[in-house]
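Proteins get letters first, then strands, A, B, ... in listed order; numbering begins at 1 in each. None of these values were measured; they are calculated from a predicted model.
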Amino acid sequence: MNHDQLLNPKSLPHSPEKATLEGKNKFLGLWFFLGGETVLFASLFGTFIALRNSTAGGPSSEELFGLELVFIMTVLLLTSSLTSVYAMYHMRNHDFKKMQLWLGITGLLGLSFLGLEIYEFTHYITEYGFTFRSSAFGSAFYTLVGFHGGHVTFGIAWLIVIMIRNARRGLNLYNAPKFNTFSLYWHYIDVVWVFVFTVVYLMGKVG
Amino acid sequence: MTENTNTNQLTDYHKQKNKEEMKRNVISFALMIVSTIIAFAIVASGVMDRIFAVFLLFILATVQVAFQFFYFMHMKEKGHALPAVMIIGGTWAAFLTVFGLVAAVWW
Amino acid sequence: MKGWMGKIKALALMSFMAVLLTGCGKENLTALVPKGYGAEESMKLIILTTVIMGGVFLVVIVVLAYVLIRFRRKKGQENYIPKQVEGSKTLETIWTIIPIILVIIMAVPTTLISFDLADASDSKDHINIDVTGNQYWWHFNYQDEDIQTSQDLYIPVGEKVYLNMISSDVIHSFWVPSISGKMDVNPENTNTMYIEAYEEGVYWGKCAELCGPSHSLMDFKVIVVSKEEYEQWVADMKNYDPEKDEPESAVAKEGKDLFEENNCMACHAIGSSPVEVGPNLTNFGNRTKIAGFKEPTKENLVDWLKDPEEIKPGNLMTGKYPQLNDDEAEKIAEYLMQLKVTDVTPESVNN
Amino acid sequence: MSIAVSESSVKAQKRSIGAVLWDYLTTVDHLKIAHLYIFGGAFFFILGGIEALIIRIQLLVPENDFVTAGFYNEVITMHGTTMIFLAAMPILLGLMNAIMPLQIGARDVAFPFLNALGVWLFILGGLLLNLSWFFGGAPDAGWTAYAPLSTTSPGHGVDYYVMGLQLAGAGTLMSGINFLVTIINMRAPGMTYMRMPLFTWTTFITSILILFAFPALTVGLFLLQFDRMFGAAFFDVALGGNTIIWQHLFWIFGHPEVYILILPVFGAFSEIFSTFSKKRIFGYTSMIFATMLIAFLGFMVWAHHMFTVGMGPIANTIFSVATMAIAVPTGIKIFNWLATMWGGSVKLNSAMMWAIGFIPSFTIGGMTGIMVATVAADYQYHDTYFVIAHFHYTIVGGTVMGIFAGLTYWWPKIFGRVLNETLGQITFWTFFIGFHMTFFIQHFLGLMGMPRRYWVFLEDQGLDTGNLISSIGAFLMAVGVIVFIINAIYVWLKGEKAANDPWDGRTLEWTTASPPEHYNWKQTPLIRGLDCLWLEKTEGNGKMIPAHPLKDIHMPNGSILPFIMSVGFFIAGLGFIYQTDNKLWYIALFGGMAISLLAMLVRSVQDDLGHYITKEELKGEAE
Ligand code: HEA
Ligand code: HEA
Ligand code: CUA
Ligand SMILES: [Cu+2]
């Protein structure tokens with residue numbers, strides 16, 4: 001195969017994301033990366049659980065958290081996971097326009113999630129004076145949730161880059177793996193969030 | 001770029017398959033939302049006692065995550081043996097980590 | 001556990017030949033000559049594992065030597081092609097099973113001894129001492145007796161003594177090799193261990209966790225005295241009233257005044273006052289060492305008072321008090337050296 | 001500006017230094033990256049060795065004042081950190097980079113760009129860490145950096161530790177993923193898993209360890225960084241923090257790390273024993289199984305470093321017994337090696353001498369490992385010179401000897417020269433004797449009451465003779481190292497070009513040129529069995545059969561971006577360190593980040609499709 005074939009949107013196989021060696025490598029590499037991320041987040045979760053009652057006299061999780069906001073955030077992020085599945089569905093059908101559309105929706109959902117998270121943090125800081133430095137619990141909370149938020153931010157930036165970059169090029173064998181890896185990464189962020197809302201917010205409310 | 005390129009073009013057969021898969025994905029999404037609602041409901045209503053609630057929350061989380069991995073991230077499909085090993089390995093290491101930080105601390 | 005001990009003792013002797021050649025180290029410091037319960041229990045495991053390791057090593061080295069002699073490529077064999085053996089189920093099973101057995105042999109006593117050493121269920125019935133690790137000195141608070149001391153820990157021989165240990169700053173580790181293994185002294189939780197000394201004597205203690213520049217100088221002593229002497233010591237320490245105690249010599253009197261003027265009291269207590277920013281100096285005249293490791297001579301003490309940094313880098317006394325001149329330092333030293341509350345001293349050990 | 005630099009396949013002509021430098025700065029070729037790893041690692045090994053000599057000079061006599069107490073702590077911290085993260089691991093990564101693709105018949109690794117990024121992150125991370133010497137003091141809380149000593153340590157030493165390791169660690173993590181994907185996806189036709197050479201296998205398993213162990217360190221370092229630089233309270237007991245969390249995170253990483261150090265050299269020894277005994281490895285399958293078991297168990301034993309922390313008897317004994325279990329798979333390996341030599345035709349050249357010296361040395365180290373694993377006895381051993389002796393026996397007697405063995409064995413493949421045999425023997429004997437002199441006596445020092453990390457030991461405690469002997473031994477080791485360096489320079493200047501297969505080898509790397517072209521093979525070989533070259537030697541015509549006719553070879557383009565990205569992170573690291581002093585340093589922080597992100601952006605926006613080496617060019621390079 002030569003370069004032209006690689007960049008030609010017309011000659012796509014049915015699973016363009018895994019048709020080339022590079023695509024397969026990217027796919028596998030990303031999964032390995034996620035394996036490592038699992039340990040990374042586990043370390044953060046472990047730290048958080050160990051410190052979640054170390055409030056040093058400051059506000060505790062029961063006092064701080066409101067479930068409504070977290071529920072909305074959860075739904076937003078879960079939905080964005082589904083929309084990125086839609087995007088991949090259209091990629092497999094070689095429908096570039098629809099793929100971009102769904103990716104765009106995914107990005108918007110991600111952004112609104114992020115917006116709510118920022119709102120939530122400022123709320124805690126201004127209303128409760130609960131900061132990163134207040135207590136070990138504060139440090140652990142902002143670090144864990146912030147790491148997740150950082151992953152979301154990075155994901156959105158990544159998404160924007162590949163969407164713009166490929167807007168005129170269309171789908172081809174060279175960039176299909178990039179979309180695919182993004183979508184896997186995005187699902188993974190959702191997976192982490194499931195544990196965040198369970199461990200941090202719901203367990204925090206239960207006590 | 002690679003020696004063994006798969007030059008199959010997209011066929012109706014594939015389109016049909018993609019569609020069915022999408023349908024399954026929507027169903028799993030619905031189930032995920034349901035389990036999220038249950039989880040929040042358990043906590044918001046406060047009807048359950050602590051230990052049991054936490055236990056249930058973790059089951060719900062695990063189920064949800066399984067949907068993500070197996071459907072959204074296609075882990076159920078073949079060619080995913082190694083990703084599965086990675087995630088299981090990672091989860092095992094993760095479990096040990098959390099366990100170490102939480103349960104094996106001495107107090 | 002006595003059974004297996006007896007059988008392997010003979011073998012153990014052999015494996016300790018090497019040690020004997022260089023000596024076992026300084027008596028009252030070395031872990032190789034246990035003088036207390038914890039050290040003895042650890043020693044049992046050390047001997048057991050050393051013997052097993054000796055055996056394993058012998059096997060490995062004999063096989064290796066045989067192979068090197070027998071199968072070494074000699075002149076004229078350059079083109080010899082050996083048989084390409086894939087492996088051997090039997091052999092591989094053998095060298096899987098034997099180590100498993102050896103591991104089990106080691107695991108059982110390890111478990112028993114570990115649980116035994118961690119068993120603190122009878123702590124109520126014994127002496128309890130609160131130990132605080134500080135950069136770079138040790139403080140001892142005798143819970144029930146209302147006695148405070150620093151650097152020198154007095155305990156009665158043959159009795160279990162519980163130590164409840166916490167740190168006021170970074171992590172330290174409490175280790176008296178001849179008497180017992182070590183335990184970390186953490187800032188956030190109290191660790192409890194017990195020690196029991198078999199023989200009277202003065203034992204070296206060391207800090208075993210890196211805690212800053214003077215980590216290697218954070219020594220202390222455990223002074224094991226007879227039960228009667230211990231009771232005597234407790235009584236003397238308890239009855240001591242710093243208010244009533246006036247130094248005899250005039251120089252020491254001046255020293256006492258200087259001690260007060262220079263605000264030494266802000267950090268150092270004399271008597272059972274709870275001040276513990278610096279070592280409690282109640283029975284300073286009986287100390288085995290100054291600042292944990294210097295011979296208790298007057299010159300050394302003067303040196304310390306004039307420039308502690310020179311002696312213990314990074315210590316927390318440096319710069320916290322007015323600079324003393326020779327004369328002042330001499331006087332304070334005179335005063336401190338005569339602070340003797342009791343006749344039970346390190347020297348009285350074994351009398 | 002041209003960012004993509006195509007690697008020309010023109011035969012090595014005399015090139016200007018600038019051109020060579022540019023070549024290395026932009027290279028994505030696995031062999032050149034291996035060179036960078038090996039030279040970088042060697043540089044840091046000498047640095048760490050000099051630090052070791054300072055330690056030993058200070059401990060030559062009691063109450064010595066060769067260095068001050070504060071400086072001593074900096075020296076031991078940097079010695080440990082440098083040796084482990086910047087010397088041993090990079091050299092191992094270098095060997096893996098050079099040899100693993102050659103052993104599986106790949107043209108390069110899966111992600112050449114990431115590979116380059118990894119090596120530059122290591123080099124710049126290492127430099128960052130060592131900059132601390134010049135700017136206000138090196139880290140001084142031990143290589144384990146236990147909180148709260150590390151969080152309260154004044155100055156910027158520990159900050160350098162955090163940022164330096166963060167960079168180097170990220171690089172290592174990338175390499176791990178890279179090797180995994182390479183081995184899974186890029187094996188030559190016929191190279192099934194059960195035909196892979198053991199060095200490749202251990203590379204594979206080591207990479208898994210890296211993948212799962214390093215993130216814990218990453219998190220630990222972040223927490224430390226947040227506490228020190230941004231006022232977080234993870235380890236601040238007054239605000240509810242808990243210092244033991246650091247210990248757990250560090251050792252969840254730290255214990256797998258020691259197997260990251262040893263498993264690759266286990267692989268190298270397997271190749272060496274087999275080659276120089278002219279026999280196939282005994283128990284190939286059980287070797288793989290044992291390696292996996294070591295890796296698996298390696299994740300479940302970290303708390304054996306924390307027996308004296310006060311975890312309680314239940315946790316202590318569980319971790320103790322789990323640790324001892326590792327004796328079993330390791331024993332399998334030791335005896336399999338012995339059995340490999342048994343009945344063979346054992347050639348005692350310098351590469352093999354290292355391997356033979358390794359067996360008793362590492363066995364002692366492993367056995368003292370089991371001794372420190374018996375928890376109630378560890379109350380005595382812990383934090384004494386007994387532990388120092390234990391791990392230098394495993395690390396120097398295992399990893400370092402393995403590195404010398406591997407370097408001697410693969411030197412022809414990596415650098416195109418065979419090392420001088422006489423000098424090699426001198427290195428071995430001086431180093432071997434010096435090593436045992438230095439460290440054997442330390443077992444007794446520890447039990448005689450000498451804790452580790454002691455700036456001075458006091459007079460009249462019976463520790464004088466032992467320390468003196470130990471220090472003399474260290475200098476003997478230094479002689480060995482210097483002779484090795486002389487050897488390397490000597491053969492570089494004087495040596496003849498090495499043959500493709502100087503050792504009568506058995507595995508695939510010996511079928512290509514020494515050193516290979518950057519595309520490794522003109523035609524990918526077809527693998528017909530384990531020890532594939534040996535197979536062809538005994539059952540074929542002594543050459544590999546090509547898997548396909550001669551055709552164009554696709555290779556990745558070189559790029560300066562990995563270097564730029566690493567420099568960006570380096571600058572950002574300085575910004576992190578100094579923003580606590582002066583807010584102006586935020587410029588460096590964000591500026592550095594911007595450089596890296598921009599480079600990343602350029603990378604992802606660019607179409608970088610690589611280049612082809614055409615059939616005609618390949619034919620032109622007649623053998
Ligand atoms: C290459 C590095 C390396 C390797 C391979 C090992 C291997 C092992 N290590 Fe070691 N270790 C370190 C590097 C290494 N270690 C370092 C750096 C530290 C200190 C860190 C610090 O605090 O700064 C340390 C500290 C350390 C401790 C903590 C001590 C303390 O601080 O108190 C312990 C405790 O269990 C331990 C145990 C072991 C064990 C059981 C093995 C086993 O893997 C060994 C297995 C091998 C054998 C047993 C030999 C061969 C087997 C046979 C011949 C079969 C028959 C044998 C028997 C049945 C016994 N190590
Ligand atoms: C890969 C790991 C590794 C390696 C290879 C070594 C190698 C050596 N180590 Fe070290 N060591 C550690 C890892 C390692 N160490 C760690 C992790 C610690 C714990 C740190 C801590 O407590 O935090 C430690 C601690 C440690 C201590 C204890 C310090 C203390 O607790 O107070 C000692 C003391 O003897 C020591 C000695 C040595 C010696 C003599 C060597 C020798 O083998 C070194 C041999 C090499 C040389 C001697 C270099 C020779 C080269 C030259 C002289 C260059 C000249 C030439 C030119 C300029 C061209 N090491
Ligand atoms: Cu206290 Cu070391
Ligand atoms: Cu370990």
When only heavy atoms count and the cut-off is under 4.5 Å, which of residues 363-372 of chain D reach chain C?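 Against chain C, the residues of residues 363-372 of chain D that fall inside the cut-off (heavy atoms, under 4.5 Å) are Thr363(D), Ile364(D), Met367(D), Ile370(D), Met371(D).
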Where on [X] is there a heavy atom nearer than 4.5 Å to chain C: the side chain, the backbone, both, or neither?
X         : value
Thr243(D) : both
Ile314(D) : both
Thr317(D) : side chain
Gln247(D) : side chain
Ile356(D) : both
Asn73(D)  : side chain
Val237(D) : side chain
Leu149(D) : both
Trp534(D) : side chain
Tyr284(D) : backbone
Phe276(D) : backbone
Ser320(D) : side chain
Asp531(D) : neither

Salt bridge or not between [X] and [Y]? Use side-chain N to carboxylate O under 4.0 Å.
X         : Y         : value
Arg452(D) : Asp383(D) : yes
Glu295(C) : Lys289(C) : yes
Lys537(D) : Asp504(D) : yes

Proximity breakdown for [X] and chain D, heavy-atom pairs closer than 4.5 Å:
X         : value
Gln84(C)  : both
Ile97(C)  : neither
Asp119(C) : neither
Ser180(C) : backbone
Ile104(C) : neither
Pro187(C) : both
Val59(C)  : side chain
Ile171(C) : both
Glu27(C)  : neither
Leu217(C) : side chain
Lys182(C) : both

As an exercise: rank [options] by heavy-atom pairs under 4.5 Å with chain D and give me the winner.
options                                   : value
Leu68(C), Leu91(C), Leu117(C), Val56(C)   : Leu68(C)
Val185(C), Asn28(C), Leu64(C)             : Leu64(C)
Ser178(C), Ala208(C), Ser173(C), Gly38(C) : Ala208(C)
Val63(C), Thr192(C), Val170(C)            : Val170(C)
Ile100(C), Ile52(C), Ile61(C), Ile98(C)   : Ile100(C)
Met183(C), Gln135(C), Lys206(C)           : Lys206(C)

Verdict with supporting geometry, Trp342(D) and Tyr66(C), ring pair (Phe, Tyr, Trp, His ring centres under 6.0 Å): CA-CA 9 Å; Trp342(D) 191 287; Tyr66(C) 180 77; 5.0 Å; yes
Under the criterion side-chain contact (heavy atoms from CB on, under 4.5 Å), which of Tyr203(C), Tyr37(C), Trp204(C) is the partner of Ile179(C)?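 That would be Tyr203(C); it is the only one of Tyr203(C), Tyr37(C), Trp204(C) passing the side-chain contact (heavy atoms from CB on, under 4.5 Å) with Ile179(C).
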Of all of [options], which one pairs up most often with chain C through heavy atoms under 4.5 Å apart?
options                         : value
Thr68(D), Asp378(D), Leu338(D)  : Leu338(D)
Tyr379(D), Tyr454(D), Tyr381(D) : Tyr454(D)
Ala290(D), Ala147(D), Gly344(D) : Gly344(D)

Ser274(D) and side-chain hydrogen bond (donor to acceptor under 3.5 Å, both in side chains): which single residue from Lys279(D), Arg280(D), Arg506(D) fits?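 Among Lys279(D), Arg280(D), Arg506(D), the one meeting side-chain hydrogen bond (donor to acceptor under 3.5 Å, both in side chains) with Ser274(D) is Arg506(D).
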If I compare all heavy atoms of [X] with all of [Y], which pair ends up nearest, and what's the gap?
X         : Y         : result
Ser42(C)  : Ala376(D) : OG-O, 2.7 Å
Gln58(D)  : Trp455(D) : NE2-O, 3.0 Å
Val103(C) : Val328(D) : CG2-CG2, 4.5 Å
Leu59(D)  : Phe457(D) : O-CE2, 3.3 Å
Leu210(C) : Ala141(D) : CD2-C, 3.5 Å

Heavy-atom count around [X] [atom1] within 6.0 Å, excluding the residue itself: above 12?
X         : atom1 : answer
Phe289(D) : CZ    : no
Lys89(C)  : NZ    : no
Glu309(C) : CD    : yes

Would you say that Thr384(D) contacts Trp175(C) through its side chain, given a criterion of any heavy-atom pair below 4.5 Å between the two side chains?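 Thr384(D) vs Trp175(C): side chains touch.
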